[in-house]
Amino acid sequence: MTSTELVPAAVPERLFERLMHGLPELTDGRVTVVNVCTEAGVSRASYYRSPVAQAVKEILEAPQTRRPEPEELRAEVPRLKKAERELRSEHAAEIRELKGTVATYANQIQVLALHNAELEKQHARLHERLRQSGDNVAVLPAPSHPSP
């Protein structure tokens with residue numbers, strides 16, 4: 001009995017289909033020769049001597065072959081990591097810009113608060129001069145606004 005007789009053609013083919021559908025029992029689910037052999041419980045040498053090996057190779061090399069979901073997800077991980085890095089970078093740039101804006105606003109508020117304090121002092125001095133002047137100052141009537 002040869003090694004090809006020990007590995008029925010249907011066994012690796014059935015296990016290959018199971019891997020293609022994302023239903024591995026013993027492996028990580030990637031569709032590779034090593035995983036097909038592990039799932040089938042045969043050596044790679046026996047697998048390569050089986051008639052199924054060439055068919056599986058052609059299927060794996062075909063670009064239009066529908067890959068199982070786990071492989072799609074594995075392929076998507078690097079893209080998602082790159083997108084995450086880009087988003088984090090954009091977020092960090094936005095945070096830096098916002099911190100700069102906050103610092104600018106804080107400086108403007110401080111300038112306005114100092115200016116307001118100066119105006120309050122000036123107002124207090126004028127009120128004090130008015131109070132000290134006594135009868136020397138006459139109150140002017142409020143200007144009348146013309147009716148529209």
Side-chain angles (χ1 to χ4, degrees), residues 7 9-48 50-148:
V7 182
V11 172
E13 185 176 4
R14 183 171 30 88
L15 296 169
F16 174 73
E17 287 175 9
R18 194 168 68 211
L19 283 175
M20 289 297 290
H21 288 93
L23 303 170
E25 290 182 2
L26 302 173
T27 62
D28 61 4
R30 287 183 295 149
V31 182
T32 63
V33 171
V34 173
N35 285 352
V36 171
C37 293
T38 301
E39 291 285 336
V42 298
S43 69
R44 287 193 330 207
S46 297
Y47 167 79
Y48 283 119
S50 75
V52 175
Q54 185 60 35
V56 169
K57 181 179 177 188
E58 289 172 7
I59 291 171
L60 287 176
E61 291 175 351
Q64 72 278 5
T65 302
R66 171 79 175 118
R67 299 290 186 217
E69 185 176 315
E71 282 194 19
E72 290 172 3
L73 295 176
R74 280 188 196 87
E76 193 171 348
V77 167
R79 184 189 65 77
L80 290 173
K81 285 184 178 180
K82 180 181 179 187
E84 179 188 20
R85 281 191 305 272
E86 290 171 359
L87 285 173
R88 285 182 185 274
S89 175
E90 290 171 11
H91 183 257
E94 186 176 345
I95 293 295
R96 283 190 301 274
E97 181 182 341
L98 291 172
K99 283 182 178 181
T101 302
V102 166
T104 301
Y105 287 162
N107 290 338
Q108 288 297 319
I109 289 169
Q110 186 176 16
V111 166
L112 291 172
L114 292 171
H115 186 66
N116 194 29
E118 188 62 36
L119 289 174
E120 286 176 359
K121 286 179 188 176
Q122 185 180 9
H123 180 72
R125 280 194 308 267
L126 290 173
H127 266 334
E128 183 59 30
R129 282 179 63 192
L130 181 63
R131 191 183 62 73
Q132 290 175 356
S133 67
D135 294 334
N136 292 340
V137 177
V139 177
L140 298 175
S144 62
H145 296 292
S147 309

* Look up atom CG in Leu80 and atom CG in Leu87, then write down how far apart they are to the nearest 0.5 Å. => 10.5 Å
* Structure fact -> When every non-hydrogen atom of Cys37 is compared with those of Ser43, the smallest separation belongs to SG-O, 3.9 Å
* **With sequence neighbours excluded, residues passing side-chain hydrogen bond (donor to acceptor under 3.5 Å, both in side chains) with Arg79** => Glu76
* Asked: Would you find more than 12 non-hydrogen atoms of other residues, nucleotides or ligands less than 6.0 Å from Arg44 atom CZ?
  -> no
* To do: Spell out, as yes or no, whether a donor-acceptor pair under 3.5 Å connects the side chain of Ser89 to the backbone of Arg85.
  => no
* Asked: Which distance, rounded to the nearest 0.5 Å, do you find between the CG of Asn107 and the CG of Leu112?
  -> 11.0 Å
* Asked: Would the number of heavy atoms belonging to other residues, nucleotides or ligands and lying under 6.0 Å from CD of Glu94 be above 12?
  -> no
* Calculate, to the nearest 0.5 Å, the distance between atoms OG and CD belonging to Ser133 and Glu128 respectively. => 10.0 Å
* Asked: Going from CD1 on Ile109 to OG1 on Thr104, what distance comes out if it is rounded to the nearest 0.5 angstrom?
  -> 11.0 Å
* Qualifying ring-ring contact (aromatic ring centres under 6.0 Å, His included) pairs, either residue in residues 98-137, two or more places apart -> His123-His127
* Interatomic distance, Leu98 atom CG to His91 atom NE2 [nearest 0.5 angstrom] -> 8.5 Å
* Given the rule in the side chain to side chain contact (heavy atoms under 4.5 Å, CB included) test, do Lys99 and Val102 qualify, once you have shown the distances and angles that lead to the verdict? -> CA-CA 5 Å; Lys99 283 182 178 181; Val102 166; 5.6 Å; no
* Asked: Is the number of heavy atoms from other residues, nucleotides or ligands within 6.0 Å of CD (Glu86) greater than 12?
  -> yes
